[in-house]
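Shown next, in structure tokens, is the structure this report addresses.
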Amino acid sequence: MILDKIENYKLYLNLSERIAKGFEFIRNTDLAQIESGKYQIENDDVFAIVQEYDTKEVGDCKLEGHIQHIDIQYIIKGIELMGITTKNNQKMIFTDEEKDYSFFEGETSLIRVEEGMFTLFFPDDLHRPCVKAEQISKVKKVVVKVRI
């Protein structure tokens, strides 16, 4: 898992060509004006999902993981906490292989992710996004899905 500010994105461009394309989308798109929805970047290998939502209580947020994709989660506007942990012996409670997500039971450590920051979640990283910080607030975020 990586947590950083978007101005440091160049440090991660050599991880893969597809990750570089994801950062290119984030850097070259007017994210303040973009509508919620799905945006193709490179067919189904790299695509973005723009979301707007209210953060929630930690107990209302799901611990999730992916097998086929890396997530770049970039906060366009707002603040949220994200629960993080690595895959160990957590109990899987649901999986959808076609849509590449699974939900787990387990404890996480919370990190604060603010406007202008991103996380990079690899398949071994479980994450619980959308958690409220001090209070419930509106967040606009883009999740770039990068096929491995």
Side-chain angles (χ1 to χ4, degrees), residues 1-56 58 60-88 90-106 108-132 137-148:
M1 193 221 81
I2 295 170
L3 169 68
D4 207 340
K5 297 176 282 188
I6 197 62
E7 55 259 31
N8 296 326
Y9 79 99
K10 289 181 181 177
L11 297 172
Y12 310 100
L13 295 180
N14 290 329
L15 291 175
S16 84
E17 228 176 88
R18 291 179 179 162
I19 288 174
K21 287 182 187 219
F23 279 117
E24 182 180 313
F25 176 85
I26 291 169
R27 298 284 300 155
N28 296 327
T29 304
D30 185 356
L31 296 174
Q33 300 301 316
I34 197 170
E35 296 288 325
S36 294
K38 184 176 178 180
Y39 296 85
Q40 298 292 39
I41 299 169
E42 182 181 285
N43 305 312
D44 287 332
D45 291 331
V46 185
F47 60 92
I49 302 167
V50 177
Q51 311 167 331
E52 292 186 71
Y53 54 85
D54 290 330
T55 55
K56 303 180 243 182
V58 68
D60 295 329
C61 299
K62 297 186 186 308
L63 180 59
E64 64 182 67
H66 313 287
I67 301 291
Q68 301 171 21
H69 291 89
I70 295 167
D71 276 6
I72 304 171
Q73 297 196 15
Y74 174 69
I75 303 294
I76 301 166
K77 185 173 176 131
I79 299 168
E80 73 178 53
L81 301 179
M82 292 185 192
I84 57 165
T85 189
T86 56
K87 247 186 229 177
N88 291 311
Q90 293 90 349
K91 179 181 175 187
M92 184 185 301
I93 55 175
F94 178 82
T95 190
D96 185 328
E97 290 181 21
E98 186 177 313
K99 294 184 180 177
D100 189 38
Y101 70 89
S102 300
F103 294 138
F104 296 83
E105 288 180 347
T108 60
S109 298
L110 292 173
I111 58 170
R112 184 181 181 94
V113 188
E114 300 181 4
E115 189 172 316
M117 296 176 74
F118 69 90
T119 57
L120 204 50
F121 294 117
F122 298 91
D124 195 52
D125 301 322
L126 299 182
H127 46 286
R128 183 185 321 266
C130 308
V131 179
K132 75 171 189 166
S137 61
K138 183 93 47 211
V139 169
K140 185 174 185 181
K141 174 167 70 177
V142 61
V143 178
V144 178
K145 306 293 278 182
V146 178
R147 185 179 304 280
I148 297 174

Within a 6.0 Å radius of atom CG on N28, are there more than 12 heavy atoms belonging to other residues, nucleotides or ligands? yes
Are the side chains of E80 and Y53 in contact, using a 4.5 Å heavy-atom criterion? yes
Is D45 paired with R18 through a side-chain N to carboxylate O contact shorter than 4.0 Å? yes
If we only count heavy atoms from C-beta on, is the H127 to D71 side-chain gap below 4.5 Å? yes
Got a sec: does the CD of Q68 have more than 12 other heavy atoms crowding it under 6.0 Å? yes
Can you tell me how far the OG atom of S102 sits from the CG atom of D96, to the nearest 0.5 Å? 8.5 Å
In terms of heavy-atom contacts, F47 and H69 come closest through CE2-NE2, 4.1 Å
Within a strict 4.5 Å, meaning less than it, do heavy atoms of the F122 and I2 side chains meet? yes
For K132 and L81 the tightest heavy-atom approach is O-CD1, 3.2 Å
Working to the nearest 0.5 Å, report the span between NZ of K145 and NZ of K99. 12.0 Å
Nearest-0.5 Å distance that lies between atom CD1 in I111 and atom CZ in R128: 12.5 Å
Could you point out which residue of K138, M117, R112 forms a side chain to side chain contact (heavy atoms under 4.5 Å, CB included) with I79? R112
Please find the pair of heavy atoms, one from K56 and one from C61, that lie closest to each other, and give the distance. CB-SG, 3.8 Å
Between the CD atom in Q33 and the CD1 atom in I76, the distance rounded to the nearest 0.5 Å is 11.0 Å
Mark yes when over 12 heavy atoms from residues, nucleotides or ligands other than E97 sit less than 6.0 Å from its CD; otherwise mark no. no
Heavy-atom closest pair, residues Q40 and N43: OE1-O, 2.9 Å
I70 side chain reached by P123 side chain, heavy atoms, under 4.5 Å: yes
Evaluate the side-chain proximity of R27 to I6: yes if any heavy-atom separation is below 4.5 Å, no if none is. yes
Do you see a donor-acceptor pair shorter than 3.5 Å between the side chains of H66 and E64? yes
L120 vs I72 side-chain heavy atoms within contact, under 4.5 Å: yes
When you compare the side chain of M82 with that of F121, does any pair of heavy atoms fall below 4.5 Å? yes
Run the numbers on F23 and K10 for side-chain contact (heavy atoms from CB on, under 4.5 Å), then give the verdict. CA-CA 9 Å; F23 279 117; K10 289 181 181 177; over 6 Å; no
Any chance NZ of K62 has more than 12 other-residue heavy atoms, nucleotides or ligands included, within less than 6.0 Å? no
Spatial distance of atom CG (L31) from atom CZ (F25) [nearest 0.5 Å]: 6.0 Å
Kindly give the heavy-atom pair with the smallest separation between F104 and I93, and that separation in Å. N-CG1, 4.0 Å
What's the verdict on side-chain contact (heavy atoms from CB on, under 4.5 Å) for Y39 and V142, showing C-alpha distance, side-chain angles and the deciding distance? CA-CA 10 Å; Y39 296 85; V142 61; over 6 Å; no
Quick one: closest heavy-atom pair of Q73 and P129, and the distance? OE1-CB, 3.9 Å
Kindly compute the distance separating CG (D125) from OG1 (T119), expressed to the nearest 0.5 Å. 9.0 Å
Has K140 got more than 12 heavy atoms of other residues, nucleotides or ligands less than 6.0 Å from its NZ? yes
Ring geometry between F118 and Y12 (parallel below 30°, tilted from 30 to 60°, perpendicular above 60°): perpendicular
